[in-house]
Amino acid sequence: MSKTEVQLDRRKSPFYPRQAELDRLNQWHEWKGYRSADGFWEMDLEYFAQRNSAGVFDLTPMTKYRITGPDALDYLNRLVTRDMTKIKPGRVAYAVWCDDEGQVIDDGTIFHLNEGEYRLCSQERHMSWLQAAAIGMDVRIIDETEDICGLAVQGPTSFSILKNMGLHGVETLKPFDLMALNFHGAELMISRTGFTGDLGYELWISPDSALHLWDTLFEAGKLHHIRAIGTHALELARIEAGFIAAYIDFLPANVTVRSGRSRSPLELGLGWLVDFEKPNFNGRRALIEEKKRGSTWRLVKLDIEGNKEAHHSYIYDNKKGGENIGFITSAAWSPVCKQNIALGTVRTPHGKVGDKLYVEIYYQLEMHWSRVMAQATVVSKPFWDPPRKRVTPPASN
Amino acid sequence: MSDNYDAIIIGAGHNGLVCAAMLGRAGRKVLVVEANDQVGGAAITREFTEGYSVSACAHLLYQLQPAVKKELGLKLDVAAENMATVALSAEGQHLRIQNDRVAGVSEEDAGSYRAFHKRMTRFADLFNTFLNKTPPRLAKDASRSDMLTLVQLGFDIRRLGRTEMQELLRLIGMNIRDEVVERFASPKLRGAISLDAVLGTHLGPRSPNTVLTYLYRLAGAKGQISQPVGGMGAVSELLAKSARHYGVVIRTGMPVKKIVIDGGRVGGVETNSGETFSAPLVVSNADPKSTIMCLVGVKNVETGFTRRIHHIRSNGNAAKLHLALDRLPKIEGIEDHEYANRFVIAPDEGYVERAFNYAKYGESSVKPILEISFPSVSDKSMAPPGKHVMSAIVQYAPSKLRGGWTEDSKSDFLQVVMGTLSEFMPNIESCVLASELLTSADFEKQLHMTGGHWHHGELALDQFLFTRPVGGAQQYAMPVDGLYLCGAGAHPGGGVSGAAGRNAARAILKAEK
């Protein structure tokens, strides 16, 4: 009897050989079929690398679609809620896309590479929806997830590192700008984007040049305390930045079964991304209706008293409890802000900026459970929002 | 300005005319724009060769809704009423079916047919109530009248009594073949009923929900078939006359290029010749697919909706054969006066299914099924004195024929059809003076209906009632403000019934309140 060998391992990023050398924890998880690290050496210090020097996160598993064709702009403009005509070549747009009911399917970034040529990046896969949106339009959609690998280089020393690499012109990049340059014969695309709410860049290159890029980057960053980081460190940084994540702060509308479990962009605090002036986009009719009627949910950023992390907590509008008005979706103690922070979802009209809410936190100390009813203030700004994020050219650190 | 209207209707098919007349009657200023030079869409009479006329697509009337006739005060002259169906046998052992009677079968089969017909017409009557109503929404924002309609549907089904209710629920999703095989011994009877269930569809007798399509055919006139004087075009002319009486303007030879949409609202239509007409309301009698994909444009609608519209199944299979005859062909065992009836060639249910097999794979049937009439027998205006015409629906000739419909494939298919006819009418070839064969691909071109499908979309449970044409547009209003559907693609479906046109007009007037 013959046996066929079946490879049971997950797909490995082109950066994997270097990551494997650095890996001391052996903690990996699955991300869209790829092996993705929780952390490499010490998760808390990886986090601090991002905030105090530079952290390098492997973005390769991000889903990447190349969208081209005569109707590409019209196509994207109907797909997402924001006005894509304003996004010129060389710019990146954070965008959100909805189903016909105005419920969020996912968020992501759209890179306007060249006139009429776009790349859409998202955490989740969306080919079926993108194809449906292409019915009757002259566009080409190619999944190039495996053809492009990416590294996010984030933190105060990230700019200096790229400069050290000899990447000319990077100093002119404003937030959400992108540029392409020749990197030892390969095209390297650099965008001033990220998921940390800090100064940072994302580097995109073909897998053949992946290791060369990694080596050059780490060599250039040696004196700038560059560190490879895993998802755990990034997750903490994105909560501080007040960014939402699919499957954590919202469920993609196409995977929800029960009614009322999906969210509209208005309910996720993304109203600024919805341009009702556009004559048509997916979800427009429903969102106009929602605007008239009022939303059911509101996403809130909470500054919570004490230091007990409010994971999965119920939210109340008074200290006594009673009927809950919502729940926490992301929570963390923020080392850089020295703040107990969380993202949560509450029923309207609760959760206006400045509202004092209460969070029921259960925590464990030496096996014993305790409960605290902590006051939480609804804040409007991201918890972490340093000016260096916006300064161009960035300061050398 | 004469170019401003309250409503513009695209397509002067019978549903468009019914809708126009009803809106006109309610005092609206209505314009109907029709691509072809003749009103009527699929209900037209046309001279196909000098001196010989036929109903060029639909050829028999069995579904025109009494409510439409009554509300528009239509007085239709009929040349033949309650025509019997003759299920032909090559050996002359024909069956004659009329109402609940069938002759030429065993006593037992005749009794079974009586019971079957009684039950089916009862179900069809119940059904008919709902064909004449806007289907209720099932969404959580369903209105009070939606709920009432639903409750009534439930109540009407319950009122059939326990046994009959169970029977209806058992049958509704079933295929007609299982039902006829269980009830009847006579192959010809099984065949004739199977043919009725599949005519105009991309379904075979073993396909699911062919009991539903059979009931659909019975709804309206309990399956009684008639032939209007002057052919089906006369029905359309009458409707056009009624519409004009209510002030409706009808412009023919004016294909619409696009529906003008501004900020999510319709503003009117633009014709191929560049003329624009303004109206806050545009009602499309075109099929849902061409309405959205061609006239509205996907950029003006949302993705989920486009996907549902894109996936509407509308593969036409019904071809039309028109023959100019020097004399009536000889049919063994058929008396002269019987030529006024309707004839079917469907010797048994297996024959019908085998004919369908070809269509599944993009081929035309080698042994097709036919529904035949000789309109000139009851209506002398259709042919020169002493001469005759034959009009036949022939299945299956799929619109998406592998290799496409060419002159060659059409002439091959014509030979196949003539061969089948010759088995039942041995001298038919010698009677033919001229012939015309139209496939569903021709209908698609001539009548602008996607796939040349009679119903503008398959009559199947997943494209029926609450989900016709698709979810989100089942109450005639499309997801563009001011845009409605009034054609066969909307609830309840095709057939010259006028139900969709009437329901749409009622929905429009109700929404205005």
Side-chain angles (χ1 to χ4, degrees), chain A residues 69-81 84-85 97-106 126-139 141 252-254 256 258-262 264 275-293 296, chain B residues 137-143 257-268 282 284 286-314 450-451 457 467 469-475 477-484 511:
Chain A
D71 285 341
L73 175 61
D74 284 344
Y75 170 81
L76 286 170
N77 226 4
R78 172 167 168 262
L79 181 76
V80 303
T81 58
M84 289 303 295
T85 59
W97 50 100
C98 299
D99 62 11
D100 292 14
E101 282 71 47
Q103 302 298 297
V104 173
I105 294 175
D106 204 356
H126 295 290
M127 195 48 123
S128 153
W129 182 252
L130 295 184
Q131 293 283 12
I135 294 169
M137 291 218 186
D138 193 357
V139 284
I141 303 156
N254 50 331
T256 59
R258 296 163 180 85
S259 83
R261 300 294 161 95
S262 55
S264 81
D275 187 348
F276 286 110
E277 297 302 310
K278 287 202 295 180
N280 184 45
F281 60 84
N282 293 332
R284 182 175 184 265
R285 289 166 66 87
L287 291 173
I288 288 177
E289 199 52 42
E290 180 181 328
K291 204 148 191 197
K292 247 189 274 168
R293 194 193 61 226
T296 308
Chain B
R137 278 173 67 88
L138 294 176
K140 59 176 186 253
D141 54 342
S143 73
K257 190 171 149 203
K258 64 170 190 180
I259 296 169
V260 179
I261 291 164
D262 188 21
R265 262 217 76 85
V266 298
V282 172
S284 175
D287 68 272
K289 247 188 202 171
S290 6
T291 301
I292 294 303
M293 309 306 265
C294 307
L295 300 177
V296 167
V298 297
K299 283 167 200 171
N300 290 308
V301 285
E302 298 174 30
T303 293
F305 181 71
T306 310
R307 175 158 62 182
R308 293 197 289 276
I309 291 283
H310 181 69
H311 286 148
I312 292 175
R313 299 187 307 286
S314 58
T450 306
T467 49
V470 295
Q474 69 276 55
Q475 297 189 312
M478 304 293 269
V480 174
D481 291 339
L483 180 65
Y484 285 82

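Within every chain, numbering begins at 1; the chains are lettered A, B, ... in the order of the sequence lines, protein sequences first and strands thereafter.
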If I compare all heavy atoms of [X] with all of [Y], which pair ends up nearest, and what's the gap?
X	Y	result
A:Asp100	B:Thr303	OD1-N, 3.5 Å
B:Thr306	A:Ile135	CG2-CG2, 4.1 Å
A:Met137	B:Lys299	CE-CG, 3.4 Å

Query raised in the report: Is A:Arg293 atom CZ crowded by more than 12 heavy atoms from other residues, nucleotides or ligands, each under 6.0 Å away?
Result: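 Result for CZ/A:Arg293: enclosed.
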Requested in this report: Answer yes or no: does atom NZ of A:Lys278 have more than 12 heavy-atom neighbours from other residues, nucleotides or ligands under 6.0 Å?
Outcome: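 Check passes, neighbour count above 12.
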Is [X] close to chain B through its backbone or its side chain, or both, or neither, when contacts mean heavy atoms under 4.5 Å?
X	value
A:Asp71	side chain
A:Asp74	side chain
A:Tyr75	neither
A:Arg78	side chain

Query - Donor-acceptor under 3.5 Å (A:Asn280 side chain, B:Val301 main chain) - result: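 Answer holds: yes.
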Query raised in the report: A:Gln131 versus B:Arg307: any side-chain heavy-atom pair under 4.5 Å?
Result: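 In short, these two side chains do not touch, never coming nearer than 4.5 Å.
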Query - Residue among A:Ala134, A:Ala132, A:Ser259 with most heavy-atom pairs under 4.5 Å to chain B - result: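 With the most close heavy-atom pairs to chain B, the winner is A:Ala132.
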Requested in this report: Below 4.5 Å from any heavy atom of chain A, which atoms of B:Asp262 appear? Answer side chain, backbone, both or neither.
Outcome: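 The answer is neither part of B:Asp262.
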